[in-house]
Amino acid sequence: MPRGGLALALFLLGGAAQAATLIHAGRVIDGVSAAATTNQTVVVDAGKIIAIEPGFRAPAAGDRVIDLKQGTLLPGLFDMHVHLTSEYSKHSEIDDYKLNEADVAIDGVVYAERTLLAGFTTVRDLGDEYRASIPLRNAINAGKVPGPRIIAAGKAIASTGGHADPTNGWARKFPSNPGPEDGVINSVEDARKAVRQRYKDGSDTIKITATGGVLSIAKNGLNPQMTEEEIRAVVTTARDYGFKVAAHAHGAEGIKRAIRGGVDTIEHGTFMDDEGMKLMKERGTFYVPTLSAGRWVFDMAQDPDFFPPIVRPKALQVGPQIQGTFAKAYKSGVKILFGTDTGVGKHGDNAREFKLMVDGGMPAMEAIRVATSIPAKFLDLDAKVGSIAVGKLGELTGVPGNPLEDITAMERVVFVMKDNTVYKAP
Ligand SMILES: [Zn+2]
């Protein structure tokens with residue numbers, strides 16, 4: 001972390017004046033405007049953007065200059081669907097029996113830093129084990145470890161045998177009847193209790209699994225796994241605590257139940273039908289497509305031994321479908337938020353989603369907006385982050401070249417700033 005220069009400058013100044021960081025940007029995409037601007041200086045002082053001016057301002061004594069003249073400056077990116085405390089691998093099924101809280105927590109610290117260095121300064125963590133995303137969030141907020149701002153769901157809420165039942169596939173000699181506290185509900189009463197438990201745990205948002213999923217040790221990846229009444233009970237209780245609700249959903253029926261039940265986002269949405277898209281537009285529900293996850297599980301399933309036998313057919317069925325659904329949903333006017341489901345797939349590869357979105361027909365500038373100002377507004381963080389404007393926090397990402405011409409530039413982040421600290425510099 002190249003922070004030494006700034007610290008030295010402050011020392012030489014006797015701590016009198018806080019040195020500013022001047023970013024000389026060949027191009028600025030502010031996250032809101034329809035067009036980029038060129039050759040700008042963005043000045044960050046004490047963690048905030050204090051000036052944006054044309055040309056390359058000469059530094060005052062002690063100022064730090066970031067030379068991004070050959071690149072593009074963007075707001076810090078948002079990934080609205082990650083799992084920071086885990087990363088799926090060939091041995092994930094057996095890990096489930098071996099890992100303790102501390103293993104998961106330490107993994108989370110490592111993956112949080114990788115995510116930040118990939119340019120993502122805010123993430124929604126949609127499901128963990130041992131509620132590990134919550135102390136991770138707190139440690140990052142306290143400046144103890146580097147990482148993105150985390151909007152944490154804690155443990156996701158499922159039904160018995162459902163996609164986030166933490167005991168799926170376990171032999172009966174292990175404890176195997178989890179309840180609302182562990183995120184397993186089977187009634188409206190359970191639904192309310194599970195949400196209130198998450199409030200007590202310190203969650204920021206609620207995640208439910210409305211249908212089967214690919215990676216769980218269970219046969220069906222698509223079937224509805226909650227009643228509409230259970231989903232509605234989750235949502236109405238969540239509102240009492242100021243929580244939004246994200247619903248994992250692959251099959252058409254579960255997607256529609258979740259939308260009618262009032263959730264704020266549909267995650268994956270793989271087999272969304274025309275009626276589902278119409279409902280989303282009527283209700284203003286956002287779609288988080290997670291194209292990266294669909295691609296990754298399909299690619300990994302080409303190796304017949306990578307997934308457990310019960311998972312592989314689901315990966316082959318669900319994976320390739322999401323890209324087409326996204327293309328259709330975007331074209332039809334469904335509101336989109338950028339999200340990858342990273343944890344499925346490697347942490348730090350989040351930005352590969354941009355190329356998949358552009359391949360699905362979304363213009364590059366729109367793909368950037370759904371990863372910056374639009375999620376910031378969704379999360380009620382837009383007064384602070386999500387765009388490059390005077391008064392906003394200095395949460396910034398830089399990439400080489402021009403991502404509007406080559407969207408894969410987003411995968412080659414060279415500059416990251418957050419909390420008045422430069423974590424990566426060209
Ligand atoms: Zn997920």
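Owing to the predicted nature of the structure, the values given are computational and were not obtained by experimental measurement. In listed order, ligands and their atoms are each counted from 1. Count residues from 1 along the sequence.
If you look at His81 and ask which of its N, O or S atoms sits nearest the Zn ion (ligand 1), the answer is NE2.
Annotation: His81 is not in aromatic contact with His248 [ring centroid separation under 6.0 Å not met]. Remark: aromatic rings of Phe307 and Tyr88 are close, center separation under 6.0 Å.
Seen from the Zn ion (ligand 1), atom OD1 on Asp341 and atom NE2 on His83 lie at an angle near 80° (rounded to 10 degrees).
Among the atoms of His248, no N, O or S atom is found under 2.8 Å from the Zn ion (ligand 1).
A salt bridge is absent between Asp125 and Arg149: the closest approach of a Lys/Arg side-chain nitrogen to an acidic carboxylate oxygen does not fall below 4.0 angstrom.
In this structure, Lys244 forms a cation-pi arrangement with Phe378, its terminal cationic atom sitting closer than 6.0 Å to the ring centre and no more than 45° off the ring axis.
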